[in-house]
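Lettering of chains follows the sequences in order, A, B, ..., and the numbering in each one begins at 1. Bear in mind that the values here come from a model prediction, so they are computed numbers and not experimental data.
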Protein chains: 2
Amino acid sequence: MGTMQLESVPEPKYLHLKTVLSEALDQDFAVGEILPNERELAARFGVARATLRQALEQLELEGRLQRRRGVGTTVAPPRVGVDVGGAQHSWPGESVDGWEPVDAAEEAVLSPALLKLLGTAPGEMVLAVRRSRVENGQVLAAELLYVPASSVPGLSAIDAPAGPARARAVMRELQKLVLDGQDRSVELGSARPEDAKELDRLPGAPVLLVTTRYFTVAGTAAVSVATYRADTCRLTFGDSGDVQITHDARVAS
Amino acid sequence: MGTMQLESVPEPKYLHLKTVLSEALDQDFAVGEILPNERELAARFGVARATLRQALEQLELEGRLQRRRGVGTTVAPPRVGVDVGGAQHSWPGESVDGWEPVDAAEEAVLSPALLKLLGTAPGEMVLAVRRSRVENGQVLAAELLYVPASSVPGLSAIDAPAGPARARAVMRELQKLVLDGQDRSVELGSARPEDAKELDRLPGAPVLLVTTRYFTVAGTAAVSVATYRADTCRLTFGDSGDVQITHDARVAS
DNA sequence: AAGTGGTCTAGACCACGTA
DNA sequence: ACGTGGTCTAGACCACTTA
């Protein structure tokens, strides 16, 4: 074979480990199955635990593994396709899609970026409605829906007690508005401790931040910031929720 | 002050470090400014370098920092808002939006998931068009556009030499088709070494995978898998047509 | 109490960009 | 040649779940 170039740039161990594990997951493991613990895996592959963890972290990021402290590492099911709505000009939760009201309260401090999105002056009253998106008993997303008091006339009349009831009342008022349109953006973020708890993840876990602006003819009526678990969710736009698109949709060159 | 509960569950060091750094970034640093190197920062905060890196990693994930081997760590500009199209029924690249053809070639091996998306039988010829999305001299995304030969009649007549010319020729044929619709999904992934190189990132870097299916009345005409840099990109969906979010929409609670 | 993953340390060496 | 971030090691202890 002569001087076959092995690798001018040797692949890092954790990357090689990742592909080895990935293939093993496809061949030798079923969904939900528990992997050997990290110390044993590290020993079996002859690497330090930290190196093994680097591989596991990426596999978890890609939704192939699920790790829970005190329990173990399991093979994750394919990602859930979560519809985040196409061009439907409607408030989410009008149809049955898993949004559960949690609470509603006046929000005192708003980030400058959010104020700009809302188009409100600092100091103007803004209501924050908390909702959770639940599917199959799993919390997929936590949402904060910011509603300037000025955009909903009937808001001051609400006297429901704190908790889901009040959130529902605000949503009812909101849904009376005729929507003119919406725009959305998606970006990567890390879960704040608050959201992390609700999503059953550790703080800093990767999340998909979906920011939606709702318009009426009068202008911005509300802004929603939804925090989706990045490990388990695939956001879908349109009507192809049934089709599976997983990591291996890409050609393994 | 009595018995003020400090923290029943003490915050991990790297999280505290992250918030401290985050505040420092807002107050004491300008976009593009170079931070002290990791060894010095770690010493300054009295932690091990690995712990400091854990904090830096999350800040980079959130698009606040940019780290380059051999260079240093700099303060990142706000994320770019990248339009990935609303419900417009058009091929991307028809208007001027930064897509640059790279190459086109027959793709031999296709993953089962991709075959299912395309709706083609294994063995059927599928062309793969490579494109890059470039903005301000920066590669934001790498795309693979899979086109079954059956969906484009004029495909076999193409005899352009390999490279951008051939890719352009395929795109021209494709754009003759009348689109009936499309659906899209977004999920988190990690960059394959191949894409990583094109995106000027390390392998495994977090990316946003945008999978789009293009329909004609005859069925699925093509499937695009676009790999966006998650650190620098905020994907926008302009459902309301005219409106563009041009500023930083990040919500830092 | 035992076992799991999560955090943290204090080193070492490597790959890369720049001067 | 030097300084940077990236990889890797071999430990230790902690937080959490389950039995």
Counting N and O atoms only, with roles assigned by atom type, does the side chain of B:Arg44 sit under 3.5 Å from a partner on the main chain of B:Pro36, one being a donor and the other an acceptor?
->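 Judged by distance alone, no pair lies under 3.5 Å.
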Other residues, nucleotides, ligands: >12 heavy atoms within 6.0 Å of B:Asp200 CG =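 Not more than 12 within 6.0 Å, no.
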Exceeds 12 heavy-atom contacts within 6.0 angstrom, atom CG of B:Asp28 |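 Correct, the count exceeds 12.
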Would you kindly give the [atom1]-to-[atom2] distance between [X] and [N], to the nearest whole Å?
X	N	atom1	atom2	value
B:Arg201	C:dC16	CZ	C1'	14 Å
B:Leu65	D:dG6	CG	P	11 Å
B:Gln54	C:dT7	CD	P	6 Å
A:Leu202	C:dC8	CG	P	12 Å
A:Gln58	D:dG6	CD	C1'	13 Å
A:Glu11	C:dA15	CD	P	13 Å
B:Glu60	D:dT4	CD	C1'	14 Å
A:Ile34	D:dA19	CD1	P	10 Å

Residue whose closest nucleotide on DNA chain D lies nearer the 5' end, A:Arg68 versus A:Leu15 =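 By nearest-heavy-atom nucleotide position, the 5'-most residue is A:Leu15.
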Of residues 43-53 of chain B, the positions that come close to DNA chain D - non-hydrogen atoms, cut-off under 4.0 Å |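 Contacting residues: B:Arg49, B:Arg53.
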Which nucleotide in [options] has an atom nearest any side-chain atom of [X]:
X	options	answer
B:Arg39	D:dT7, C:dT7, D:dG5	D:dG5
A:Arg69	D:dC16, D:dC13, D:dG6	D:dC16
B:Lys13	C:dG5, C:dT7, C:dT9	C:dT9

Pair B:Glu194 + B:Arg192, salt bridge at N-O below 4.0 Å |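 B:Arg192 and B:Glu194: salt-bridged.
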Would you call B:Asp103 and B:Arg130 a salt bridge, taking side-chain N to carboxylate O under 4.0 Å as the test?
->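 B:Arg130 and B:Asp103: not salt-bridged.
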Is any side-chain heavy atom of B:Thr232 closer than 4.5 Å to a side-chain heavy atom of B:Arg201?
->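 The answer is no; the side chains never approach within 4.5 Å.
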Closer than 4.0 Å, any side-chain N/O of A:Asn37 to the OP1 or OP2 of C:dG3?
->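 So the side chain of A:Asn37 is outside the cut-off, no N or O lying under 4.0 Å from OP1 or OP2 of C:dG3.
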Any idea how B:Phe237 and A:Phe237 line up, ring-wise: parallel (<30°), tilted (30 to 60°), or perpendicular (>60°)?
->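 Judged by the thresholds at 30° and 60°, the geometry between B:Phe237 and A:Phe237 is parallel.
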For A:Leu56, which contact category applies under a 4.0 Å heavy-atom criterion: base, sugar-phosphate, or nothing?
->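 No contact.
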